[in-house]
Amino acid sequence: MNSEEFRKRGKEMVDYIANYMDTIENRRVTPAIEPGYLKDLVPLEAPQKGEGWDDIMKDVEDKIMPGVTHWQHPRFHAYFPSGNSYPSILGDMLSDGIGCIGFSWAASPACTELETIVLDWIGKMVGLPEDFLSFTENSKGGGVIQGSASECVLVSLLAARAHKIRQLKKQHPFVEEGVLLSKMMAYCSKEAHSCVEKAAMMAFVKMRILEPDENQSLRGSTLQQVMEEDRAMGLIPFYVEATLGTTSCCSFDNLAEIGPVCEEYGAWLHVDGAYAGNSFICPELRGPMKGIEHASSFNFNPNKFMLTNFDCSLMWVKDRFRLTQALVVDPLYLQHSYSEKSIDYRHWGIPLSRRFRALKLWFVIRSFGVEGLQKYIREHCRLAKRFEAHVRKEPSFEVASPVGLGLVCFRLKGTNLINQKLLSSINASGKLHMVPASLNDRYVIRFCVCAQNATDADIDYAWEVITQFAADMKVIMAEELENKEKVEETKENKEEEAQKEAEEGTEEVFQMLDRKNKKSLRYKRSFFVRMVSDPKIYNPKIVRSLPPNGPRRHTTDSEPDSQTFNTPAPTISSWISWPLAFLLQGVFDDLVDEPALPVRFRNWNTTLRLKGTSPSRISERSEKERRSPQRSPSTSPQPDQQSSCCNDVDSHAHRTPPTVRHRCRAHNALHCACDSSKPGAPGSASSPKMNGRI
Ligand code: PLP
């Protein structure tokens, strides 16, 4: 394509996008397709020769659009908004045109400098303390654009980890970093986004997950108590993640209480305001920021609630040197003569290459102005209040949590099952799209105002659809009541069985209703009926309880004082998200009496079972196998063993963290190089078999 054709096609593309936006209402909000739909429509081999532009665009409409969920649709009320606006699209278009890779100041000075300036603008717009800004005199702080809130959380955790290890190393110069790490504990609320626990998993740190109060807010007293207990157990609190605007119900952790506790324990406080952080542009919405001065870092996503397209998550730190010390590598080919005077953002995050994302933010802020952005946020809050008023007027419904910004959590007064069915049938109809959440073990439906130009009429329409479907549910609820009475009658006999029967009874009514719908509405069952997005927030089935077998023994023989301690059974309900190696440490000893080790991950409870039940039997058996002629006598892994290591890498247990590693040919990645004939190695008789995969 030459520049002449680009002009023509570019104009056509702008028209296509504008038409898409103008007519988006005519499309179904969620697609009515099944997984794998596209492979029947698009060749599985790439074309050898270039194809005509018109043919490509025709396929966009015929093949791609039918599989698109329209996040900008006025009937899309799921998750949080996916920020969008014409100035942002055009800013990104220009960034794509310039096509620079701004990893250092020298790599594209404007890319770096505009980022610093725009981050200071926005920091001031949301009322961040001055020490988070770059251009404040003597400030060590500053802002950076990351790809996502998940990255901001991970990067802050890595910085906190590196900082704490450095501090501890000064106190205990002869203790290995790994040993120090094994003592360190991070904290977050149960309501924190799953990316926080994922960050802990990736950073290989233990994270204690705490119960918030009845308003889903993490309180300072809870944190104080568990930190105290942990410290008494020899653990070292080093990182706390607090959320302003949780994903499930937009609740706010109590920063004013949490902040001083973090300071007392020397813990890094990271504040994730992915959605709600944008609302602080409006001074009247800044109440939850009280205590932000205690934070070490803060992030929010303009790509959620500030009319800016994905990807754009902003992160500020109070001490940029603490951040970059965790991430600096400086090969010669990336050095330049202005390193001392300028910011090189490659040291502020994970990737080297960075797009010119500040451009779209600059376009958005200049086009809308602060006032325009405030107006947009206030309008979404007003519309959410309108929806809330509808819910409150209808006695069969209830509002499940306070409505602050653009999110309303509501439910039919009734069972979780009824609400689940209500949501499934609404989503299946394609008339609206919403997702659920679990609040205090109750299934609630999240209604979020998402479309940029949402109106009163959109809110009223949504409520009309919801009440229509709820009318069907009322028939079912009447049935359910009858079934409940049946349960009461048989309660004395077998309570559980009766409950099950009642549910089965309800299920039958649902099936009848489904059949009716299919006939009368030509109802196409889309896979969205079954879809519940995987973030934990949207999956109310996640079990939220302490691990069934109580606290696990955790030995640290390599500690100078050979201290042995039990991981605490805190007085406050919480659980620890364990990195895998900690989890498997001591597994053989534990298995002497108990052949199956219960393992609990966020979304998955399972047991880890060894074929041999006692360490002696395991070593006997593996000794025989070592002598067996079929097995390689070599202690270094052979190619086939390497690939078996890779295939089974998830279930590969070590008594101690692996020290010898090999590069796997299949994955070009480092894996543990253990002799597969050793107990616990993959392929060996004692290799643990998972009854699921991680
Ligand atoms: N934190 C909160 C509070 C969120 O609501 C979300 C996503 O909705 C995230 C983090 C993850 O955001 P991202 O997709 O930018 O990683």
Side-chain angles (χ1 to χ4, degrees), residues 69 71 76-84 126 144-158 186 188-203 207 209 212 216-218 239-255 258 269-280 288-289 292 295 297-306 308-316 349-351 355 357 360-361 380 401 404-409 433-439 444 446-450 532-539 602:
T69 298
W71 284 61
F76 184 93
H77 299 289
Y79 315 104
F80 283 133
S82 164
N84 200 354
V126 298
V144 58
I145 306 179
Q146 309 281 11
S148 66
S150 309
E151 270 176 72
C152 298
V153 170
L154 174 61
V155 162
S156 67
L157 183 63
L158 294 175
C188 72
S189 157
K190 184 181 82 173
E191 288 301 322
H193 192 269
S194 59
C195 71
V196 180
E197 197 178 346
K198 184 171 175 178
M201 218 166 74
M202 289 189 283
M207 175 163 270
I209 294 160
Q216 318 301 331
S217 169
L218 180 62
Y239 178 87
V240 176
E241 188 277 349
T243 309
L244 296 184
T246 58
T247 317
S248 57
C249 66
C250 203
S251 61
F252 296 87
D253 290 337
N254 194 322
L255 279 194
I258 292 170
L269 172 60
H270 177 76
V271 178
D272 172 22
Y275 166 70
N278 297 275
S279 70
F280 304 147
M289 279 181 94
I292 192 76
S297 50
F298 171 63
N299 77 272
F300 76 83
N301 289 19
N303 68 41
K304 288 196 193 298
F305 202 19
M306 211 185 97
T308 308
N309 290 69
F310 183 78
D311 54 341
C312 190
S313 187
L314 312 184
M315 177 182 187
W316 288 266
I350 294 162
R355 298 193 311 118
R357 286 177 290 213
K360 63 184 167 193
L361 268 176
H380 273 214
S401 63
L405 304 177
L407 178 70
V408 184
C409 292
H433 189 43
M434 297 177 288
V435 289
S438 173
L439 291 184
V444 304
R446 291 169 81 265
F447 176 92
C448 193
V449 182
C450 289
V532 178
S533 158
D534 36 359
K536 62 153 185 163
I537 293 304
Y538 305 116
N539 186 351
R602 168 77 71 173

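Atoms within each ligand, like the ligands themselves, are counted from 1 in listed order. Sequential numbering from 1 along the given sequence is applied to the chain's residues.
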Between [X] and [Y], is any side-chain donor less than 3.5 angstrom from a side-chain acceptor?
{"X": "Gln146", "Y": "Ser148", "result": "no"}
{"X": "Ser248", "Y": "Glu191", "result": "yes"}
{"X": "Ser313", "Y": "Asn301", "result": "yes"}
{"X": "Tyr239", "Y": "Ser156", "result": "yes"}

Can you list the atoms of ligand 1 that are under 4.0 Å from a heavy atom of Asp272?
->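 The atoms of ligand 1 under 4.0 Å from a heavy atom of Asp272 are 1 (N), 2 (C), 3 (C), 10 (C).
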Which of the numbered atoms in ligand 1 are below 4.0 angstrom from a heavy atom of Gly245?
->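 Heavy-atom distances to Gly245 below 4.0 Å select 3 (C).
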Does the ring centre of Phe80 sit less than 6.0 Å away from the ring centre of Trp71?
->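 No.
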Check the pair Ser217, Ser251 against side-chain hydrogen bond (donor to acceptor under 3.5 Å, both in side chains), reporting the backbone distance first and the verdict last.
-> CA-CA 6 Å; Ser217 169; Ser251 61; over 6 Å; no
Would you check whether [X] has a nitrogen or oxygen atom less than 3.5 angstrom from a nitrogen or oxygen atom of ligand 1?
{"X": "Ala149", "value": "yes"}
{"X": "Thr247", "value": "yes"}
{"X": "Thr246", "value": "no"}

If you measure from each heavy atom of Phe80 to ligand 1, is any distance below 4.0 Å?
->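 Heavy atoms of Phe80 do come under 4.0 Å of ligand 1.
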Heavy-atom gap Lys304 to ligand 1 smaller than 4.0 Å |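 Contact present.
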